[in-house]
Participant: 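Before I ask anything, let me first share the structure, which is written out below as structure tokens.
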Amino acid sequence: MDTEMLERIRTANKIVALTGAGVSAESDVPTFRDAQTGLWASFNPQELATPEAFQRNPRRVWDWYAYRREKVLSVSPNPGHMALVEMEKRVAPASVPAGRDAGTTHSSFTLITQNVDGLHQRAGSQNVIELHGNISRVKCSIDDLLVAEWQTDADGLARCPRCNGLLRPDVVWFGEMLPRSALEASFAASENASVFFSIGTSSVVHPAASLPMLALARGGIVIEINPEETALTESATYSLRGKSGEILPELVQTVWGR
Ligand code: BJW
């Protein structure tokens, strides 16, 4: 690995990692733009993840998410997720004594994910900003009420206990606003990042795809980790070609040791 890059990571006081579906690929969760398998092979995920698709055919969209929710529950975090847990511990140690170095800036690590699978939290990451929601949660499509338990009716759909509206996954579909607090925290962290990792994302979906540009504009470096070239590659300071489950553990080991 490039020694200058390693030194920038070692001396960085603000590190941001933005993750996408590729981080969960080695846990056997299909990436978003991968061909769908089995029952869903003939559907384009980009056409299912929209409010219009849900309006047209709520049963199809509900069933697609139910299938994916089951899948996510049946898998485990992989070495890429675990390396990010380790990075969080190394960059922002939990045991900074109160009052120490008052007035100075401490190192910080921010993990921003586009993934809805909750695998970072299951791996043990403490502070995860979920930009696109979480597939395990369900909310009312009319009044946004979060519903912890639900049962499907004879038509295969579930309804809101308060207004009888159709329930839907608590994820962000195309054309919908991202959760405001998650977005604001992501912008703030990215603007201040001295090192910004973009990991396992095709970098085509906005506003997530614009976050590394904020880091670059303020003099930060951007390190992409992906087996393929992406829309970000041309702008990235460094591109590490390979799987996140292989590159991340090696990188953490090289920078911070045991
Ligand atoms: C590996 C690997 C391994 C494989 N290791 N890597 C500005 C410009 C243009 C358009 C817009 C814009 N601003 C807004 C828009 C519109 C739209 C958008 O971005 N469209 C683009 C497609 C052009 N954005 C929105 O609508 C957003 N809303 C919004 O901005 O509101 C305001 C607004 C509305 C309308 C107009 C203007 C403003 C909302 C976006 C919501 C995205 N939601 C989804 C679905 C979530 C629920 C679900 O999962 O079903 O989020 S779409 C989907 O894409 C999902 C993902 O989080 C997201 C990103 O995908 P990701 O993670 O990058 O996955 P892939 O599959 O694309 O890539 C995987 C990568 O992994 C690949 O590169 C592989 O090579 C790699 N890989 N194995 C490492 N082992």
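Worth knowing before you read on, the calculation uses all heavy atoms, side chains too, and leaves out hydrogens, waters and symmetry mates. Ligands are counted one by one from 1 in listed order, and the atoms in each one are counted from 1 as well.
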Participant: Using heavy atoms and a 4.0 Å limit, tell me yes or no: is Pro207 in contact with ligand 1?
Facilitator: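 In this structure, Pro207 qualifies as a contact of ligand 1 - some heavy atom is under 4.0 Å.
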Participant: With respect to atom 74 (C) of ligand 1, which of Thr31, Asn226, Leu240 exhibits the smallest heavy-atom separation?
Facilitator: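 Selected option, by shortest heavy-atom distance: Asn226.
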Participant: Measure Val116 to ligand 1 on non-hydrogen atoms and call it side chain, backbone, both or neither using the 4.0 Å cut-off.
Facilitator: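 Near ligand 1, Val116 shows its side chain, while the N, CA, C and O stay back.
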Participant: Which atom pairs, one a donor and one an acceptor, fall under 3.5 Å between side chains of residues 50-61 and the rest of the protein, sequence neighbours left out?
Facilitator:
{"residue": "Thr50", "atom": "OG1", "partner": "Ala53", "partner atom": "N", "Å": "2.9"}
{"residue": "Asn57", "atom": "OD1", "partner": "Arg60", "partner atom": "N", "Å": "3.1"}
{"residue": "Arg59", "atom": "NE", "partner": "Asp63", "partner atom": "OD1", "Å": "3.3"}
{"residue": "Arg59", "atom": "NE", "partner": "Asp63", "partner atom": "OD2", "Å": "2.9"}
{"residue": "Arg59", "atom": "NH1", "partner": "Asp155", "partner atom": "O", "Å": "3.1"}

Participant: Where does the angle between the aromatic ring planes of Tyr65 and Trp173 fall among parallel (under 30°), tilted (30 to 60°) and perpendicular (over 60°)?
Facilitator: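 Correct class here is tilted.
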Participant: With heavy atoms of Arg68 as the reference, note each atom of ligand 1 found under 4.0 Å away.
Facilitator: 48 (C), 49 (O), 50 (O)
Participant: List ligand 1 atoms under 4.0 Å from Val205, heavy atoms only on the residue side.
Facilitator: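 Near Val205, the atoms of ligand 1 are 19 (O), 40 (C), 42 (C), 54 (O), 58 (C), 59 (C).
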Participant: Which residue pairs pass the salt bridge (charged side-chain N to carboxylate O under 4.0 Å, His left out) test with at least one member in residues 217-226, sequence neighbours excluded?
Facilitator: Glu191-Arg218, Glu224-Arg241
Participant: Right, does atom 27 (C) of ligand 1 have protein non-hydrogen atoms nearer than 4.0 Å?
Facilitator: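 True for atom 27 (C) of ligand 1.
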Participant: Ignoring angles and geometry beyond distance, decide whether Ser202 reaches within less than 3.5 Å of ligand 1 through its nitrogen or oxygen atoms.
Facilitator: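 For ligand 1, there is an N or O atom that lies under 3.5 Å from one belonging to Ser202.
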Participant: Is ligand 1 under 4.0 Å from a heavy atom in the side chain of Ala25, in the backbone, in both, or in neither?
Facilitator: side chain
Participant: Is Glu246 in contact with ligand 1, taking contact as a heavy-atom separation below 4.0 Å?
Facilitator: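 Per 4.0 Å heavy-atom rule, Glu246 does not contact ligand 1.
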Participant: Find all atoms of ligand 1 within a distance of less than 4.0 Å from any non-hydrogen atom belonging to Leu178, and give their numbers and elements.
Facilitator: 27 (C), 28 (N), 39 (C)
Participant: Any side-chain donor-acceptor pair under 3.5 Å between Glu130 and Gln121?
Facilitator: yes
Participant: With atoms numbered from 1 as shown, which atoms in ligand 1 lie under 4.0 angstrom from a non-hydrogen atom of Gly20?
Facilitator: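 Contacts of ligand 1 toward Gly20, numbered from 1: 62 (O).
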Participant: Counting non-hydrogen protein atoms only, what is the nearest one to atom 23 (C) of ligand 1? Give residue, atom name and distance.
Facilitator: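 Checking every protein heavy atom, the shortest distance to atom 23 (C) of ligand 1 gives Val204 O, 3.9 Å.
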Participant: Mark up the atoms of ligand 1 that fall under 4.0 Å of a heavy atom belonging to Glu26, in ascending order.
Facilitator: 3 (C), 5 (N), 80 (N)
Participant: May I have the step-by-step check of side-chain contact (heavy atoms from CB on, under 4.5 Å) for Gln114 and Thr201, ending in yes or no?
Facilitator: CA-CA 9 Å; Gln114 299 170 81; Thr201 172; 3.0 Å; yes
Participant: Is the backbone N or O of Leu232 less than 3.5 Å from a side-chain atom of Thr230, with the two atoms forming a donor-acceptor pair by type?
Facilitator: yes
Participant: Give the atoms of ligand 1, by number and element, whose distance to some non-hydrogen atom of Val171 is under 4.0 Å.
Facilitator: 47 (C)
